[in-house]
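FYI, side chains are in, hydrogens and waters are out, and symmetry mates aren't considered; it's all heavy atoms of this structure. We count residues from 1, following the sequence as given.
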Amino acid sequence: MSQSRPWLALAVLCLPLFVGLGRADIEHDEAIYSFAVDRILESSDWLEPKSIPNDDWAFLEKPPLKFWIVAAPIKLGFLSHTAFGIRFWDALFGSLSFLYVFAIGQRLAGAFCGVSAVLVLVAHRPLLFEHGLRTNNMEAALLLAYCGGVWHFLAWLRSDAATRARHIAAIAAYFTLGFMTKFVAVAFLPVVLGLVTLGSGDARRLLVRDWRPWLVAATATVAVIAPWFIWASLRYGSFFWETILQAHVYTRFTAYLDPTHVQPWHYYLTTMFARFTESGQQWLVVVGFVTLVAVSTMRRSIEGWTVALWAAVPLAAISVGTSKIYHYAYPFLPPLALGVGYVIALLLMVGVSPFRRALVTLQARLAGSRWVAATFRWPFVRGLSVTIATLALLVAALTLLVGPINLEWHGQTVFKSSGLFRPMMVALVFGLLAGAVDAGSRATAVILVSSLLPLAGYREVWSRIGAEVHPVRQARDCVRAIARQASEPGLYVDVPPEDLPYGLYYHFRQIRPWERTAAPSPAALGAVLEDRTRPRAILVSDSTYQRYMHVAGSVDGARQRTSSPPMRTFLPGVVLLLPGPYAACADDRVAVVRRR
């Protein structure tokens, strides 16, 4: 693979992080973090981001660096205050992470290893779409902290006097990014790098040699991290540490904040196996990691062992804890993807030579035929054979990249290719006859080995991007447009705060003012809904709405209401009622928004 091709491939692989980035609704934890960004922009209070759903409560679960990174360019006008502008940095951090994964793979076994590893990550659907790299969460920054930290550590091990301090500073910077974004979740980075250093005599000697720049970097890291923690401690005292450390670290690790997060010790292993099964990579991931460990042990490769420990140590540690969520494992997926890339690169390196020897032998036998030798001595026949072989390879590559090919003309199929076998056989036969053994063997080996990669999963990612919709934002924008035309715009809300999904609160808080009930009230709902002089959009719990529809007071004890205004239903159990002019905002689609 030439120097230009891997970068072109990486650009193609990073595109899914940016395309349609603002399309999907903001929901779940993303709504929490986006709310904090919005409140910074509204209040200009940068030290104390706010916690959804209260405009004045401080968000103390995590340090505020990610909020600052997202809010600053919006405040300065470099990015729009839209879903795209809010998510841009996550896509950028994810892309930089992929570049580092490629660079690490290139160190391990060449450019094909790096590109293959990135493809495995892009095709892993949860990493992109579920609390992942296309959403305003903390995972992209944390992933970059690990990928960047590991690569600069490996570069430091091989660095010269002119660059060693720069790599040490980069490691410290990435640790700071991770720590000020997701607190102690980045702690496994120095643990892994420390274990590698202690286990390698060469690394220990380098550490002794460079103790001064390491000390300077550590001091600078503390100097950057400490001020906000000192400020928060002075302002909130023990409550700050009870929140950020005791509740959200110790309690999560030893018990739970949410009982649905309690999982068995093997949760990460079994879930990874199941999620990699979606792209058909589950066994290749296992084989790749085992191969990486085995070959690195035999070769005493410090790069290989660093990558292996990057996966093994953190996954073993977080498996001991009680609360487990799959996105906690995202920073430790790259080494598993690198294992896949490592196996793919080995197959390519080991397989080309025997394959070429077999082709040379077969070509020699074909050349022994007088008829073949005489026919393919003509330049026209030889050129035609090369053209046919090249077109067959192109068909095989396109089939691999975009799926089955079916060309039609006036409703009739004129060309069809659904697999690799036939185009590869055509390419081999005509390539041999034309004498193009070297180029043909390399191209054939690349295509055959590439068939092991999750290219179908990459195509599925694109189809998912094209299918993403935003029903909540669409309903919000429609209601807001109509409310602006009313003499008394606003929203009536009869949903207890603990039952209102964060995503719904985040989107509909932009419609003001809100009129809220102290407790669920079918009677109050009826008064608003039946007021024809002042129609308003209504967010109400489905249970309260059902009670309103079955009101006591008739002769037989229950008066069944038979009419209902247009509505949209949001899970779990929240209804948007759209009386009067707001009926224009109703349709049959169901918006799915859950609480955290």
Side-chain angles (χ1 to χ4, degrees), residues 17-18 20-96 129-145 176-183 185 227-229 231-232 235 240 243-244 248 327 470 472-473 476-477 480 497 500-512 514 593 595-596:
L17 296 181
F18 292 94
L21 189 60
R23 188 173 296 158
D25 283 323
I26 292 175
E27 52 189 9
H28 310 310
D29 284 0
E30 184 184 17
I32 301 174
Y33 307 139
S34 299
F35 174 84
V37 171
D38 286 359
R39 290 296 295 134
I40 286 176
L41 296 172
E42 293 165 0
S43 66
S44 296
D45 187 351
W46 294 79
L47 285 177
E48 192 176 280
K50 300 304 185 286
S51 181
I52 200 169
N54 192 293
D55 285 3
D56 300 314
W57 290 354
F59 182 87
L60 300 176
E61 296 178 16
K62 297 176 179 69
L65 178 58
K66 178 67 189 313
F67 306 143
W68 297 343
I69 291 173
V70 175
I74 296 176
K75 183 73 172 180
L76 296 172
F78 296 125
L79 288 173
S80 61
H81 193 183
T82 61
F84 178 89
I86 288 173
R87 292 167 172 157
F88 171 80
W89 286 99
D90 298 86
L92 180 61
F93 287 162
S95 298
L96 292 175
F129 298 105
E130 299 175 14
H131 214 281
L133 306 183
R134 287 173 53 86
T135 61
N136 177 31
N137 284 292
M138 307 295 185
E139 274 53 53
L142 187 63
L143 181 69
L144 177 58
T176 302
L177 172 66
F179 194 87
M180 289 298 291
T181 297
K182 210 171 180 183
F183 197 35
W228 184 82
F229 282 86
W231 172 87
R235 181 167 176 80
F240 167 66
T243 301
I244 195 171
H248 289 277
H327 64 254
H470 44 267
V472 179
R473 191 170 79 234
R476 188 265 328 265
D477 291 344
R480 183 169 57 181
L500 186 61
Y502 292 148
L504 283 180
Y505 180 88
Y506 176 78
H507 286 289
F508 281 98
R509 73 180 289 266
Q510 299 179 26
I511 301 174
R512 293 290 178 177
W514 276 23
V593 180
R595 198 171 174 86
R596 188 177 175 182

For [X] against [Y], the heavy-atom pair lying closest together:
{"X": "Pro73", "Y": "Trp89", "value": "CG-NE1, 3.2 Å"}
{"X": "Leu504", "Y": "Val472", "value": "CD2-CG1, 3.8 Å"}
{"X": "Glu30", "Y": "Asn136", "value": "OE2-N, 2.9 Å"}
{"X": "Arg473", "Y": "Ala83", "value": "NH1-CB, 4.2 Å"}
{"X": "Ser34", "Y": "Ile86", "value": "OG-CG2, 3.6 Å"}
{"X": "Ile40", "Y": "Ala71", "value": "CG2-CB, 4.0 Å"}

### Message
Between Lys66 and Asn137, is there a side-chain donor-acceptor contact under 3.5 Å, judged purely by atom types and distance?
### Response
no

### Query
Any side-chain donor-acceptor pair under 3.5 Å between Asp477 and His507?
no

Checking the side chain of [X] only, and the main-chain atoms of [Y] only, is there a donor and an acceptor separated by less than 3.5 Å?
{"X": "Thr181", "Y": "Gly178", "result": "no"}
{"X": "Trp68", "Y": "Trp46", "result": "yes"}
{"X": "Tyr502", "Y": "Ala31", "result": "no"}
{"X": "Arg39", "Y": "Lys50", "result": "no"}
{"X": "Arg235", "Y": "Phe240", "result": "no"}

Side chains of [X] and [Y]: does their closest heavy-atom pair fall under 4.5 Å?
{"X": "Ile244", "Y": "Pro63", "answer": "yes"}
{"X": "Ser44", "Y": "Lys75", "answer": "yes"}
{"X": "Val70", "Y": "Tyr33", "answer": "no"}
{"X": "Tyr506", "Y": "Asp38", "answer": "yes"}
{"X": "His28", "Y": "His131", "answer": "no"}

### Query
So, do Phe179 and Phe229 have ring centers that fall under 6.0 Å from each other?
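Phe179 vs Phe229: aromatic centres under 6.0 Å.
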
### Query
Using the benzene-type ring in the case of Trp, are the ring centres of Phe59 and Phe67 under 6.0 Å apart?
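Here the rings of Phe67 and Phe59 have centres that are less than 6.0 Å from each other.
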
Straight-line distance of [X] [atom1] to [Y] [atom2], nearest 0.5 Å:
{"X": "Ile32", "Y": "Ile26", "atom1": "CD1", "atom2": "CD1", "answer": "12.5 Å"}
{"X": "Lys62", "Y": "Met138", "atom1": "NZ", "atom2": "CE", "answer": "5.5 Å"}
{"X": "Ile69", "Y": "Phe88", "atom1": "CD1", "atom2": "CZ", "answer": "12.0 Å"}
{"X": "Arg87", "Y": "Thr82", "atom1": "CZ", "atom2": "OG1", "answer": "9.5 Å"}

#### Entry: Derivation of the salt bridge (Lys or Arg N to Asp or Glu O under 4.0 Å) call for Arg509 and Glu42
CA-CA 13 Å; Arg509 73 180 289 266; Glu42 293 165 0; 3.1 Å; yes

### Query
Do we get Arg512 above Trp514's six-membered ring, with its NZ or CZ under 6.0 Å from the centre and within 45° of the axis?
yes

### Message
Run Asp90 and Leu133 through side-chain contact (heavy atoms from CB on, under 4.5 Å) and show every step you take.
### Response
CA-CA 6 Å; Asp90 298 86; Leu133 306 183; 5.8 Å; no

### Message
Taking CH2 in Trp231 as the centre, count heavy atoms belonging to other residues, nucleotides or ligands within less than 6.0 Å. Is the count above 12?
### Response
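Above 12, so yes.
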
